[in-house]
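Written below as structure tokens is the structure these notes are about.
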Amino acid sequence: MYRIVKAEKLAEKIYQMIVEAPRVARACEPGEFVIVRIDERGERIPLTICDYDREAGTVTIVFQTVGASTERMARLQAGDAFRDLVGPLGQPSEFAHEPIEEVRSRKYLFVGGGVGTAPVYPQVKWMHEHGIDVDVIIGAKSKELVILEEQMKAVAGNLYVTTDDGSYGRSGMVTEVIRDLVQNQGRHYDVCVAIGPMIMMKFTCLLTKELGLKTIVSMNPVMVDGTGMCGACRLSVGGEVKFACVDGPEFDGHLVNFDEAMKRQQIYRTEEGRAMLREQEGETHHGGCGHCD
Ligand code: NAD
Ligand code: FES
């Protein structure tokens, strides 16, 4: 069992939990994720790791309520426990394994959209701990939905907050801030890391392609097993079949087929849709999730 040490509501439908998971806390790196289950019959819920404390043996997860399982999760309190917490899963962010001098030689721009701000945080914190100043943009629909601003301020070089409705910080979507920084303010970046809803990552990549700015995205398609067996998280990247849970979740955003990923996300939700994917994807459709046959 994995005990919840602290549970708190960050914004409407957005919750943060600190969970005792010493082995995961010891091993995890920025970019990786975990899968949790409330009880034996619970749905497997993939969540990006928002923070970790190796000494305390805890990991911090942030999630948005989107269905019955996450609604149930949101009702858990400090002292309650998860039946399972599996991880760390996926590949760490590329920079975590590159020679530090190479990472230091680049100028990074991090972009977090809505709940996607949570997985951006450990990456920016990692940069800060390695003495690297990075620029960070946080975007949210409105003031009430801005999360982790104070935590991010403590580790970012420059922090730009923007809201779609202009109720806080700048006004407009994250893409408008990227364009302003690069085109109007003459800021130079070597790498952009953008994490948020797929539509945000798609439009960020369209812009950064135009600006000639390499962009890494973190993909969050439907996941079931999280170990490459079920095929649920299949994506096309550079014309090749990839599985977000084992090959990612981070990919070169300029190579990701976002339209296909978003369409597949919708289709995968229904039994009929999954049967259709099995027909379309033929032998490359794993079907191991148990939902197809
Ligand atoms: P949201 O819809 O509030 O969007 C967040 C920000 O993204 C907006 O404020 C805006 O700045 C930007 N954005 C949205 N649409 C855009 C567009 N068309 N062009 C440019 N910028 C745009 O986000 P939310 O409701 O917090 O997001 C929920 C989604 O994020 C869920 O689908 C969830 O699965 C996903 N998510 C993804 C990750 C990940 O790892 N990629 C992590 C957590 C959540
Ligand atoms: Fe990736 Fe099953 S979740 S293959």
Side-chain angles (χ1 to χ4, degrees), residues 10-14 30-33 35 44-50 61-67 70 86 89-90 93 111-123 137-148 160-179 193-208 216-235 241-251 253 256 258 261-262 264-266 268 281 284-292:
L10 294 183
E12 190 55 33
K13 294 186 174 209
I14 305 176
E32 294 175 325
F33 68 98
I35 289 187
R44 296 162 67 88
I45 307 169
L47 297 166
T48 29
I49 298 168
C50 171
I61 51 176
V62 170
F63 62 95
Q64 191 175 31
T65 51
V66 287
T70 43
V86 182
L89 298 167
S93 303
V111 182
V115 194
T117 304
V120 166
Y121 176 71
Q123 305 203 14
I137 302 170
I138 295 180
K141 286 194 190 80
S142 61
K143 184 179 181 191
E144 303 72 46
L145 294 171
V146 174
I147 59 166
L148 304 172
Y160 306 91
V161 180
T162 186
T163 49
D164 300 4
D165 65 0
S167 54
Y168 187 63
R170 293 174 172 229
S171 176
M173 294 191 174
V174 293
T175 39
E176 289 167 57
V177 184
I178 301 173
R179 193 180 280 286
V193 178
I195 309 181
M198 278 203 210
I199 191 75
M200 175 205 106
M201 297 191 285
K202 173 187 165 170
F203 280 97
T204 297
C205 287
L206 286 174
L207 171 63
T208 55
I216 305 294
V217 295
S218 179
M219 298 299 287
N220 64 322
V222 173
M223 287 192 190
V224 181
D225 65 324
T227 58
M229 299 295 287
C230 74
C233 67
R234 174 191 170 116
L235 301 164
V241 172
K242 296 281 179 192
F243 296 96
C245 67
V246 285
D247 300 316
E250 296 188 355
F251 295 99
V256 172
F258 285 103
M262 287 188 280
R264 200 171 186 284
Q265 188 103 330
Q266 287 301 323
Y268 207 88
E281 295 174 355
T284 62
H285 183 84
H286 294 189
C289 62
H291 292 312
C292 304

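We use all heavy atoms of the structure for the numbers below, so side chains are in, but hydrogens, waters and symmetry mates are not. Small disclaimer: the values here were computed from a predicted structure and weren't measured. Counting starts at 1 for both ligands and their atoms, in listed order.
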Which atoms of ligand 2 are found less than 4.0 Å from any heavy atom of G228?
4 (S)
Any donor-acceptor N/O pair, E176 side chain to M173 backbone, under 3.5 Å:
yes
Is C233 close enough that one of its N/O/S atoms sits under 2.8 Å from atom 2 (Fe) of ligand 2?
no
Proximal atoms of ligand 1 relative to G139 (non-hydrogen, under 4.0 Å)
6 (C), 9 (O)
Which of these, G112, G114, A11, has its nearest heavy atom closest to atom 5 (C) of ligand 1?
G114
Looking only at atom types and distance, does a side-chain atom of R264 sit under 3.5 Å from a main-chain N or O of A232, one as donor and one as acceptor?
yes
Look at the side chain of T162 and the backbone N and O of G172, then say whether any donor-acceptor pair between them is shorter than 3.5 Å.
yes
In ligand 2, the atoms that come under 4.0 Å of a heavy atom of G226 are 2 (Fe), 3 (S)
Within 4.0 Å of some non-hydrogen atom of I195, the atoms of ligand 1 are 39 (C), 40 (O), 41 (N)
I'd like to check V146 versus Y168 (side-chain heavy atoms, cut-off strictly below 4.5 Å). Are they in contact?
yes
Counting heavy atoms under 4.0 Å, the part of M229 that contacts ligand 2 is backbone
For ligand 1, is there an atom lying under 4.0 Å from some heavy atom of M219?
no
Working note: C205 + V217, criterion side-chain contact (heavy atoms from CB on, under 4.5 Å); need CA distance, chi angles, decisive distance, verdict.
CA-CA 9 Å; C205 287; V217 295; 3.7 Å; yes
Top protein contact for atom 11 (O) of ligand 1, by heavy-atom distance
V174 N, 3.1 Å
Could you find the nearest protein heavy atom to atom 34 (O) of ligand 1 and give me its residue, atom name and distance?
N220 ND2, 2.6 Å
Indicate, as side chain, backbone, both or neither, the part of D164 found under 4.0 angstrom from ligand 1 when only non-hydrogen atoms are considered.
side chain
Atoms in ligand 2 flagged as close to V224, the criterion being non-hydrogen separation under 4.0 Å
3 (S)
Starting from atom 29 (C) of ligand 1, find the nearest protein heavy-atom neighbour and note its residue, name and distance.
P197 CB, 3.7 Å
Quick check for you: with atom 2 (Fe) of ligand 2 as the vertex, what angle do SG of C230 and OD1 of D225 span, to 10°?
90°
Would you say ligand 1 has an N or O under 3.5 Å from any N or O of K141?
yes
Would you check if M201 and V256 make a side-chain contact, meaning some heavy-atom pair closer than 4.5 Å?
no
For the pair V222 and Q265, evaluate side-chain contact (heavy atoms from CB on, under 4.5 Å) and give the outcome as yes or no after the intermediate values.
CA-CA 6 Å; V222 173; Q265 188 103 330; 4.0 Å; yes
Element-labelled atoms of ligand 2 that are located less than 4.0 Å from some non-hydrogen atom of G231
2 (Fe), 4 (S)
Protein heavy atoms near atom 32 (O) of ligand 1, is at least one of them under 4.0 angstrom away?
no
Winner among V115, D165, V62 once heavy atoms are compared against atom 26 (O) of ligand 1:
V115
Location of contacts on Q64 toward ligand 1, heavy atoms closer than 4.0 Å
side chain
Nearest protein heavy atom with distance in Å, relative to atom 16 (C) of ligand 1
M173 SD, 3.4 Å
Numbered in order shown, the ligand 1 atoms found under 4.0 Å of a heavy atom of G196 are 30 (O), 37 (C), 41 (N)
Ligand 2 atoms in contact with C245 (distance to a heavy atom under 4.0 Å)
1 (Fe), 3 (S), 4 (S)
So for T175 against ligand 1, with non-hydrogen atoms under 4.0 Å, the contacting part is side chain
For ligand 1, which atoms, with element, lie under 4.0 Å from some heavy atom of I199?
15 (N), 18 (N)
Look only at the side chain of S167 and the backbone of K143, and say whether a donor-acceptor pair between them is shorter than 3.5 Å.
yes
Any idea which part of M201 is under 4.0 Å from ligand 1, heavy-atom wise: side chain, backbone, both or neither?
side chain
Rounded at 0.5 Å granularity, tell me how far CG in D247 sits from CE in M219.
12.5 Å
Numbered atoms of ligand 1 (with element) below 4.0 Å of A140, judged on heavy atoms:
9 (O)
Start with the C-alpha gap between Q123 and E250, add the side-chain angles, then the distance that decides, and say whether side-chain contact (heavy atoms from CB on, under 4.5 Å) holds.
CA-CA 12 Å; Q123 305 203 14; E250 296 188 355; 2.6 Å; yes
E32 and G90 have their tightest heavy-atom pair at OE2-O, 3.7 Å
In this structure, which one of T48, N220, I61, V86 forms a side-chain contact (heavy atoms from CB on, under 4.5 Å) with F33?
T48
Side chains of V62 and V115, heavy atoms from C-beta outward: is any pair under 4.5 Å?
yes
Distance to 0.1 Å, residue and atom name: give those for the protein heavy atom nearest to atom 12 (C) of ligand 1.
M200 CG, 3.6 Å
Atom 41 (N) of ligand 1: nearest protein contact (heavy atom, Å):
S218 O, 2.7 Å
